[in-house]
Amino acid sequence: MSPSERDADRPASANSSRSAYSSPWSRWFIRAGAWLLGLIGAAVLSVLMVVAIALAVAYPNLPAISGLTDYRPKLPMRIFSADGVLVGEFGEERRNFTPIAQIPKVMQDAVLAIEDARFYRHSGVDYVGVIRAGLAQFGKLRSQGASTITMQVARNFYLSTEKTFTRKIYEILLALKIESQLSKEQILEVYMNQIYLGQRAYGFSSASEIYFGKPLNEITVAEAAMLAGLPQAPSAYNPISNPRRATARQLHVIDRMLDNGFITTEQRDEARRQPLKYRAPSEMPVHAEYVAEAARQLIFSQYGDEAYTRGLNVYLTIDSADQMVAYRALRKGIMDYERRQVYRGPEDYIDLPANPREVDARVAEGLVDHPDNDELKAAVVLEAGPKKVVAVLQSGESVTITGDGLKPATSGLSDKANPKIKIRPGAVIRVVKGAKGDWTITQLPEVEGAFVAMDPQTGAVRAMIGGFDYSKSKFNHVTQAWRQPGSSFKPFIYSAALEKGFTPATVINDAPLFFDADATGSQPWEPKNYDGKFEGPMSLRRGLAKSKNMISIRILQSIGAPYAQEWATHFGFDAEKHPPYLTMALGAGSVTPLQMATAYSVFANGGYRLNPFLISKLTDEKGRVLTEPKAPVLDESLRVLDPRNVFVMTSLLQEVTRSGTAAPAQAALKRPDIYGKTGTTNDSMDAWFAGFQPHVVAIVWMGYDNPRKLGDRETGGGLSLPVWIDYMKYALKNLPVEEASPPEGVVNLNGEWYYEEYTHGSGVTSVGMDEKQPTAPSEDERKSILDLFKR
């Protein structure tokens, strides 16, 4: 049978198959396919060889991962109030290490949902994710990340950020090594404490406090989703600077949590609806910036740069509630003074665009350099007139000021106002909201102030406000401002006099005095009383209550300035800061408010001098106590003042607050155990009130940094005493009245207290009663004397 005949007998299909395989094109495709398969096989073999070589060569040379097995992150110094409120944080990295067991499940789930949903199912490298990412490069799938959490840990700890094939190989190998030595929980713990999340926040615990002002264990699904969206691009997804982009990312995380079964549909819907409230970047729950900085300096002096990386926890003696009451009281006192000052005009002027749609953006831009100062809001004026001002705040809210709210700026609203102070559209002004929701124009104060309170029984500082606003001035007036104490220094002169035979009943002549240069150490001096009046003979008690300068000078003249100078050192004052001249009787030396608190504590605690302290405990990052100073025991080794002196002086200082220059104190607080002294320096440049109850000493100072007159009618009793009273209303609320009992050696005769040895006229009975009063020089004589000293 011929070949053609055999082919004719075969089925048609067989014939067609043979013809297909025997065609030239078919044979070429077969060869190409075989060649391609061989090429792929060779490529796979090559990759396997490369991987094998990489494993053989690179794996043994991988860095040790002791930094992970013994994880010790850089932890900032954290400052806490006595009641556990965070008031300050210092360090390049703001971090609060939190063990994985204390990180809430919702936060872990949110991170896993968006970063590595298969975390607990892979061994460091998610090969499914790698394939998905590879396909995404060819446009087959939406872009997907291939880095697992373990690979991110490897990269963040040991590798550069450059995107190369070699680095990726090392990243994979390191991830495998990490997984072989650490548990999944340990890896996740490192990741959630180490990752950078913007705003200098490292780790989710710190981020929760920084963004939301709450501890991580209080986080909601919506808040957790927002934080979980940050690791990919902390700047791009920052909810404070990029709220729209951050919200889109947050919603994506919430959806991923649902897709992975971490939340229910109901939880998803609730989370998407929840509005998020963010903490402002500079917002702290307690205004204790000056205290925190003082504590930072103390710790830095002991630990150096390690203070910012060891995770030290510093616990202060201040109570957060005490601190905030003091903060509000001082700011109120300063602003009350500011309302009496001349309006100085707007802080700035900006050009408003003609297009109303562009106004909001221009206002936001113009207020960048004028941030809100707590309750003092910055605003740009849109409409101005004598009867109404309309302005826009940084928040975009529009406010209208009318009536009494315009009075502080009347001069700037007048048609004839100086252009430099005129309030017109585009002016940047300050406004403050009243208790009834009404707005008032105000201005940032130029005057400064200080407040410090301490426990006289222990020396523990209870509150410290170093100035009106820390962001305006870092200068701590409590510890750094050396100012003249004025009449608030007089009690230390009187205390010295008691040891020289003076009694509260000693009669002293309130009559004019004149001294030549030898007596004052400078130039001729003719002192005056504050009120300009001379009232003649009066008791020492009455002289202190009325703060009569002539009385104090005659006392100092009698006991001797050098003796008084030495006596003042018993209270902690520096002798060299108080030259032994008669001007010391009027407080012409230099003190700090903290020194005054220490000194008045001697009267308050029965005669003991204690050093003030601010830090009650210092612990490491694990809470182990490093130092914890014990409260001092008030024994005789600390005594600097005899109990009799203390008792008589507190009696005199009680009179000041009952009937003297500080009489509003007892009247407002409605209790007798209140003691203190007002202080106003020459030309009213400094205003003081220093006062105490046996368990609280508080000092208030007000003045200008570059000394100038506060005003002819401004005094310590009018400026500083109201601040002190506001604080004491809170500080003494639950303290029972406590008045001292007379010690041994003190007797009461006819309602007055005496040292026993100075009764019946044996002490100093009078001063200046029979002296011939010098005649004050004429104006021409005074000028001649002054010209002599100028030459």
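- Leu618 contributes atom CG, which lies 4.0 Å from atom OG1 of Thr627 (distance to the nearest 0.5 angstrom).
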**His578 vs Phe489, ring-ring contact (aromatic ring centres under 6.0 Å, His included): CA-CA, chis, key distance, verdict** = CA-CA 11 Å; His578 302 273; Phe489 193 79; 4.7 Å; yes

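- Between the side chains of Lys677 and Thr657, no donor-acceptor pair of N or O atoms lies under 3.5 Å.
- Electrostatic pairing of Glu535 and Lys546 counts as a salt bridge here, judged by a charged N lying under 4.0 Å from a carboxylate O.
- Without hydrogens or angle criteria, Asn645 side chain to Leu641 main chain gives no donor-acceptor distance under 3.5 Å.
- Taking the six-membered ring where tryptophan is involved, the planes of His287 and Tyr327 are essentially parallel, since the angle between them stays under 30° and well short of 60°.
- Taking a 6.0 Å sphere around CD of Glu744, one finds it holds 12 or fewer heavy atoms contributed by other residues, nucleotides or ligands.
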**Message:** What verdict does the side chain to side chain contact (heavy atoms under 4.5 Å, CB included) test give for Phe603 and Leu652, after you've listed the backbone C-alpha separation in whole Å, the side-chain angles of each residue and the deciding distance to 0.1 Å?
**Reply:** CA-CA 11 Å; Phe603 293 136; Leu652 293 173; over 6 Å; no

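- Ring pair Phe502/Tyr754: centre-to-centre distance not below 6.0 Å.
- Between Met702 and Leu710 the shortest heavy-atom distance is O-CD1, 3.9 Å.
- Using modelled atom types, one side-chain atom of Gln341 and one backbone atom of Tyr337 make a donor-acceptor pair closer than 3.5 Å.
- Side chains of Ser301 and Gln297: a donor-acceptor N/O pair is absent below 3.5 angstrom, by distance only.
- Taking every heavy atom of both residues into account, Tyr563 and Ala496 meet most closely at CE2-O, 3.6 Å.
- Between the side chains of Gln693 and Asp673, at least one donor N or O lies within less than 3.5 Å of an accepting N or O.
- Between Tyr290 and Tyr470, the ring centre distance stays below 6.0 Å.
- Of all heavy-atom pairs between Pro491 and Met649, the closest is O-CE, 3.3 Å.
- At a threshold of 4.0 Å, the pair Arg340-Glu714 counts as salt-bridged, since one of the basic side-chain nitrogens sits closer than that to a carboxylate oxygen.
- Glu756 places none of its side-chain heavy atoms less than 4.5 Å from the side chain of Val746.
- The closest side-chain donor-acceptor pair between Ser659 and Arg542 falls under 3.5 angstrom.
- Annotation for Asp712: atom CG does not count as buried by contact number, only 12 or fewer foreign heavy atoms lying within 6.0 Å.
- In this structure, Arg639 contributes its side chain and Gly606 its backbone to a donor-acceptor pair below 3.5 Å.
- Applying the 6.0 Å contact sphere to CG of Asp635 captures more than 12 heavy atoms from other residues, nucleotides or ligands.
- Classified by interplanar angle (parallel below 30°, tilted 30° to 60°, perpendicular above 60°), the ring pair His570/Trp567 is tilted.
- Defined by atom type and a distance below 3.5 Å, a donor-acceptor pair is present between the side-chain atoms of Thr661 and Thr678.
- A salt bridge does not link Lys474 with Glu293: every distance from a Lys NZ or Arg NE/NH1/NH2 to an Asp or Glu carboxylate oxygen is 4.0 Å or more.
- At least one side-chain heavy atom of Leu721 sits under 4.5 Å from a side-chain heavy atom of Ile725.
- Side-chain polar atoms of Ser487 and Ser547 form a donor-acceptor pair below 3.5 angstrom.
- In this structure, Arg644 forms no cation-pi arrangement with Phe647, as its terminal cationic atom is not both closer than 6.0 Å to the ring centre and no more than 45° off the ring axis.
- For Asn529 against Met550, the heavy-atom pair with the smallest separation is OD1-N, 3.3 Å.
- For the pair Arg331 and Phe468, the distance from NZ or CZ to the six-membered ring centre is under 6.0 Å and the angle to the ring normal is within 45 degrees.
- Counting only heavy atoms from C-beta outward, the side chains of Leu610 and Leu634 approach each other to under 4.5 Å.
- Ring pair Tyr675/Tyr600: centre-to-centre distance not below 6.0 Å.
- A donor-acceptor contact closer than 3.5 angstrom links the side chains of Tyr727 and Asp322.
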**Request:** With side chain to side chain contact (heavy atoms under 4.5 Å, CB included) as the test, would you mind laying out the steps for Thr598 and Arg609 before giving the verdict?
**Result:** CA-CA 7 Å; Thr598 302; Arg609 195 176 89 204; 4.3 Å; yes

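- Judged by distance alone, the side chains of Arg713 and Ser684 never bring a donor and an acceptor atom under 3.5 Å apart.
- The closest side-chain donor-acceptor pair between Gln654 and Glu739 falls under 3.5 angstrom.
- The main-chain N or O of Val478 is found under 3.5 Å from a side-chain atom of Asn476 such that the two form a donor-acceptor pair.
- Taking the six-membered ring where tryptophan is involved, the planes of Phe573 and Phe492 are perpendicular, since the angle between them exceeds 60° and thus also 30°.
- Between Arg541 and Glu655, at least one side-chain nitrogen of the basic residue sits less than 4.0 Å from a carboxylate oxygen of the acidic one, meeting the salt-bridge criterion.
- Counting all heavy atoms, side chain and backbone alike, Val452 lies closest to Val461 at CG2-CG1, 4.4 Å.
- Salt bridge status for Arg671 with Glu738: absent, with no side-chain N to carboxylate O gap under 4.0 Å.
- The two residues Ile615 and Pro629 have their closest heavy-atom pair at O-CG, 3.5 Å.
- In this pair, Trp701 and His477 present their aromatic rings parallel. The plane angle is below 30°, not in the 30 to 60° band.
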**Request:** Decide side chain to side chain contact (heavy atoms under 4.5 Å, CB included) for Leu444 and Asp469; before the verdict, give the C-alpha distance in whole Å, the side-chain angles of both, and the deciding distance to 0.1 Å.
**Result:** CA-CA 10 Å; Leu444 287 174; Asp469 179 58; over 6 Å; no

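- Interatomic distance, CD of Gln457 versus CE of Met454, reported as 10.0 Å (0.5 Å rounding).
- Annotation: side chain of Ile553 is in contact with side chain of Pro527 (closest heavy-atom distance under 4.5 Å).
- When atom types are taken as modelled, the side chain of Thr583 and the backbone of Ala588 share no donor-acceptor pair closer than 3.5 angstrom.
- Atoms CD and CD1, on Gln565 and Ile493 in that order, are 10.0 Å from each other to the nearest 0.5 Å.
- Glu499 and Tyr755 share a donor-acceptor pair across their side chains, judged by distance under 3.5 Å alone.
- A salt bridge does not link Asp455 to Arg462: none of the charged nitrogens lies less than 4.0 Å from a carboxylate oxygen.
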